[in-house]
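If you're wondering where the values come from, they're calculated on a predicted model, not measured in any experiment. Letters A, B, ... are given to chains in the order of the sequence lines, protein chains preceding strands, and every chain is numbered from 1. Only heavy atoms go into these numbers, but all of them, side chains included; no hydrogens, no water, no symmetry mates.
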There are 2 protein chains.
Amino acid sequence: MAALRKKVQPRRLKGNVAIDKAVYDAIRRAMLMGRLLPGTKLREPALARVLKVSRERVRKALHRLVHEGWLEAVPNRGTFVPALTIEEVREIYDVRTMLETAIVQRLCAEHGAPAAQRLKAHVSEERQAVRTDDRGRLFGLSGEFHILLAELCGNEQLSRLLRGLLTRSTMHFSLSAPERFHNCAGPHDHADIVKAILARDAKKAAKLMLDHLLGLVEWQSAWRPPPDPVALEDAFRGISAKRQA
Amino acid sequence: MAALRKKVQPRRLKGNVAIDKAVYDAIRRAMLMGRLLPGTKLREPALARVLKVSRERVRKALHRLVHEGWLEAVPNRGTFVPALTIEEVREIYDVRTMLETAIVQRLCAEHGAPAAQRLKAHVSEERQAVRTDDRGRLFGLSGEFHILLAELCGNEQLSRLLRGLLTRSTMHFSLSAPERFHNCAGPHDHADIVKAILARDAKKAAKLMLDHLLGLVEWQSAWRPPPDPVALEDAFRGISAKRQA
DNA sequence: CAAAACGAAAATGTGCACATTATTCCGCCA
DNA sequence: TGGCGGAATAATGTGCACATTTTCGTTTTG
């Protein structure tokens, strides 16, 4: 009985979990790069073919992305790139405001010398990026600033939570206007916030953070993306699941 | 070639997605009821046998629970009930404090008549539960109070986030001292907070919420669970994946 | 006698073959 | 011609048969 089952070909599965993460990252990267417009359907066979992996890996990655809020799944229909409403973005920024004003207030109350050092270093890094007009670097640093503030609180849960909120709030940026993203999030705001923290002026720091986030969401709300469907093969051009840059 | 493949028996899969949720809920319920002690290994075949579902369903539910932070997975080793450190619990409560003090402050600033009505109704419900000594009901209401506050802010993202934090913070309760849980979370605190909100005293409301959460985490930190392994069949006694109460 | 080593059994991981459901396409009719 | 219905096609969902890895009981050896 077992004899007539076809023999499975010798399979190599050394980096099993690594491949999973690679597929996950590949899709996420395509979204962050703005290649996948809202409403796009992510077909499992097509993704598997493009990323050169089995459909199960794609399926697992999609499920994870759905659970994390990056994608939306409709039973028996497929997985889609969500169309974030301006209202949802506003809500996310609202939650961020609650957390981040509390964060800067706490940092004003109890930051030490190393924290001050890291803050000053980050500000100078951002200034350097502005000076050299390195938009890609500035893009990364702008996000990392908020992560840094959370990490300086020494609360692992807080860092993880804020990281998720940050990716979700920048997702709308990426989906709607990836090319216009970089020149936002003024590093000047960040410098002011750091200055207030170092001066231990909790009231001012909270106010500055509030205005900073309000400015971000306002800037984001003003922009309307031009609808323009994209082929899946084009979206993943240069993006591989095998080796991540 | 296709002829010698064995025919798959006629399968009925009407409630496919419902079964997934049932399995997920069953495991979650077992945890909430304190049946699964920290460190317990959740074996897929055993769970499948106990819950009367296929292993794939169990696997999917476990993956979801891992992603949501309820369980911890070690590659090739299995899925385990996490042993939350007191420090982690403290961190979670710390994040909750940041969010919930902001929530009550906001509610003081902008709550309407229906919100006031719901708050008063909830307090009276809790009082009723105390009067009738309905511990199970009080347990549920204590958690729902915090959810209610978030929902009254009208921010969907905030509600979802806080719901996750709440389950994670009560998980430690459930895992360590399920039988002692009910008599905590004094409804008196809740009543005071509501009174401050209705009086629009933001400062007082925030302070009361802060003290309330500090009291919870302190009470929780003081308790040390007695280690006592439990068989998996016993843990799921009376818990079915087919029909959820 | 303890500890390392070997082997059997069980558990996890993964590709695949279907079933089921959705979508597309084409002919038909009003 | 335009809408409608059904068959063909493609995509999603799921159980299963393995391969791989771990775990545990037994034996052997210093």
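- As a whole-Å value, the separation of B/Leu42 CG from C/dG13 P is 13 Å.
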Using a 3.5 Å cut-off and no angle test, enumerate the donor-acceptor pairs between side-chain atoms of residues 77-88 of chain A and protein atoms at least two apart in sequence or in another chain.
from: A/Thr85; atom 1: OG1; to: A/Glu88; atom 2: OE1; distance (Å): 3.1
from: A/Glu88; atom 1: OE1; to: A/Thr85; atom 2: N; distance (Å): 3.1

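- Within the structure, ring-ring contact (aromatic ring centres under 6.0 Å, His included) pairs that include any residue of residues 141-170 of chain A comprise A/His122-A/Phe145, A/Phe145-A/His190, A/His146-A/His190, A/His146-A/His212 (at least two apart or interchain).
- Distance, B/Lys21 NZ to D/dG13 C1': 19 Å, rounded to whole Å.
- B/Arg43 has its CZ atom 10 Å from the P atom of D/dT23, to the nearest Å.
- Contact check, A/Arg77 against D/dA11: no side-chain N or O comes under 4.0 Å of OP1 or OP2.
- B/His63 has its NE2 atom 15 Å from the P atom of D/dT14, to the nearest Å.
- For the pair A/Arg57 CZ and C/dG15 C1', the computed distance is 9 Å after rounding to whole Å.
- Toward the 5' end of DNA chain C, the nearer of the two residues B/Glu56 and A/Arg55, judged by each one's closest nucleotide, is B/Glu56.
- A donor-acceptor contact shorter than 3.5 Å links the side chain of B/Asn155 to the backbone of A/Glu91.
- If you take CZ of B/Arg49 and P of C/dT12, they are 11 Å apart, rounded to a whole angstrom.
- Remark: P of D/dA11 and CG of A/Leu47 are 11 Å apart, rounded to the nearest angstrom.
- We find that CG of B/Leu62 is positioned 13 Å from C1' of C/dA11, with the value rounded to whole Å.
- Side-chain nitrogen and oxygen atoms of B/Ser54 include none within less than 4.0 Å of the OP1 or OP2 phosphate oxygen of D/dT14.
- For the pair A/Lys60 and C/dT14, the criterion of a side-chain N or O lying under 4.0 Å from OP1 or OP2 is met.
- Distances shown here put every side-chain N or O of A/Arg59 at or beyond 4.0 Å from the OP1 or OP2 atom of D/dT12.
- With B/Arg35 contributing its side chain and B/Arg237 its backbone, the two residues share a donor-acceptor pair below 3.5 Å.
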